Number of protein chains: 2
Amino acid sequence: MSGSGCRFLRMDRIDQGIIDQLRSNARAGYGDIGQVVGLSASAVKRRVDRLVADGIIRGFTVQVDPKVEGLATEAYVELFCRGTVSPTDLKRILSGVPEIVEAGTVTGEADAIVIMRARDVIALEEALEKVRAASSVDHTRSAIVLSKLVTRVAG
Amino acid sequence: MSGSGCRFLRMDRIDQGIIDQLRSNARAGYGDIGQVVGLSASAVKRRVDRLVADGIIRGFTVQVDPKVEGLATEAYVELFCRGTVSPTDLKRILSGVPEIVEAGTVTGEADAIVIMRARDVIALEEALEKVRAASSVDHTRSAIVLSKLVTRVAG
DNA sequence: CGTGAAATTAGTAGTCT
DNA sequence: AGACTACTAATTTCACG
């Protein structure tokens, strides 16, 4: 973890503009960004560096056609635990499974909901087995995605 | 549309490696990537250019802390429909709600699962109302995310 | 905190094997 | 299709307002 817990997040209008630019093209040059937000290249770089250091910007990634990625099979999995399990413990269990794209504790019947992505159903089942292997996990309820209806980029 | 519909996607091991590198850091230099995958900078650039032109790489984005984005409240919503509803109809209904980040038809009890993100619980409820307003929607079952355990970027 | 110039490094285009 | 060279343009550092 790159230090500096979570101090209060201060971001002005310019930082917001820089992030907007980077969101539409993370490979944009600092000069190009500066021209839009009205700053010099070095000032933009300094701000971006700080946004990264503060954890506001978590990283720069590429959006890939899901069909190509070979991660065609997706599932939403409800997790039911035995007794009381702390979010910290859950985090440790789930972090070990790379197929897990997203997970969070939730309100309602289930203790957590997990989104998994794998090459095919077999790989998905194997990943699911790893989750179910944890002693604190009582059972799971899976819903495999048949067809994707909406796909907007997530933060 | 930048031409050339979807011909069969040919990607070799090297392309995969380049994308892996770009995924962990979309701002990585061509030289750095080449050093990992075993190619020269210019060869890497040529491949990246083609991956973008072919639509395999859709773009380069930045991952931003959701708390900062003002989209702190997230929910997983199961959708139960009245009678039989085609995926196309569902897509039309859900596309109109901007708070919906992801959605897909699924196996199991529910007809579809929807992921929503909003500023707060009130905004979330309003968005949910828009979904429930559709005549083909019978009822929904929501699970509001309490704490995020895993957050890996999605394709 | 932002600017501007200097030094460094990376991106780009052309050519050859 | 990849490597190499030369050229251009960007990033990065630093002293200054």
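First the proteins, then the strands, lettered A, B, ... as listed; each starts at 1. What you see is a predicted model; the values in this text were computed from it and never measured.
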Participant: Measure from CG on B:D49 to C1' on D:dA1 and round the result to the nearest Å.
Facilitator: 15 Å

Participant: Taking for each residue the nucleotide of DNA chain D with the nearest heavy atom, is it B:R27 or B:D12 whose nucleotide lies nearer the 5' end?
Facilitator: B:D12

Participant: Answer yes when B:D89 and B:R92 have at least one side-chain N-carboxylate O distance shorter than 4.0 Å, and no when they do not.
Facilitator: yes

Participant: OP1 or OP2 of C:dT12 versus the side-chain N and O atoms of B:K45: is any pair under 4.0 Å?
Facilitator: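 Answer yes for this pair, as a side-chain N or O of B:K45 is under 4.0 Å from OP1 or OP2.
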
Participant: Looking at A:S42 and C:dG2, is any side-chain donor or acceptor paired with a base atom of the opposite kind under 3.5 Å?
Facilitator: no

Participant: Which atom names give the shortest non-hydrogen contact between B:V62 and A:R23, and what distance separates them?
Facilitator: CG1-CG, 3.4 Å

Participant: When the distance from CE of A:M11 to P of C:dC1 is rounded to whole Å, what number comes out?
Facilitator: 15 Å

Participant: In terms of hydrophobic clusters joined by side-chain contacts under 4.5 Å, are B:V37 and A:V68 together?
Facilitator: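 Yes, same cluster.
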
Participant: What's the closest nucleotide to the A:R50 side chain, out of C:dT3, D:dA3, C:dC1?
Facilitator: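 Output: C:dC1.
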
Participant: Is there a donor-acceptor contact under 3.5 Å from the side chain of B:D138 to the main chain of B:F80?
Facilitator: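 Not a single qualifying donor-acceptor pair exists.
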
Participant: In residues 29-41 of chain A, which ones come under 4.0 Å of DNA chain C, going by heavy atoms?
Facilitator: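 Output list: A:L39, A:S40.
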
Participant: Compare side-chain N and O positions of A:R47 against OP1 and OP2 of C:dG2 and report whether any pair is under 4.0 Å apart.
Facilitator: yes

Participant: Over how many whole Å does the gap from B:R13 atom CZ to D:dG2 atom P extend?
Facilitator: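 Atom CZ in B:R13 sits about 17 Å away from atom P in D:dG2.
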
Participant: Quick one: does A:R82's side chain have a donor or acceptor within less than 3.5 Å of a partner on A:S135's backbone?
Facilitator: yes

Participant: Establish, yes or no, whether the cationic atom of B:R27 lies under 6.0 Å from the six-membered ring centre of A:Y30 and within 45° of the ring axis.
Facilitator: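 Yes, cation above the ring, under 6.0 Å and within 45°.
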
Participant: Starting at atom CD1 of A:I14, determine the distance to atom P of C:dT3, rounded to an integer number of angstrom.
Facilitator: 9 Å

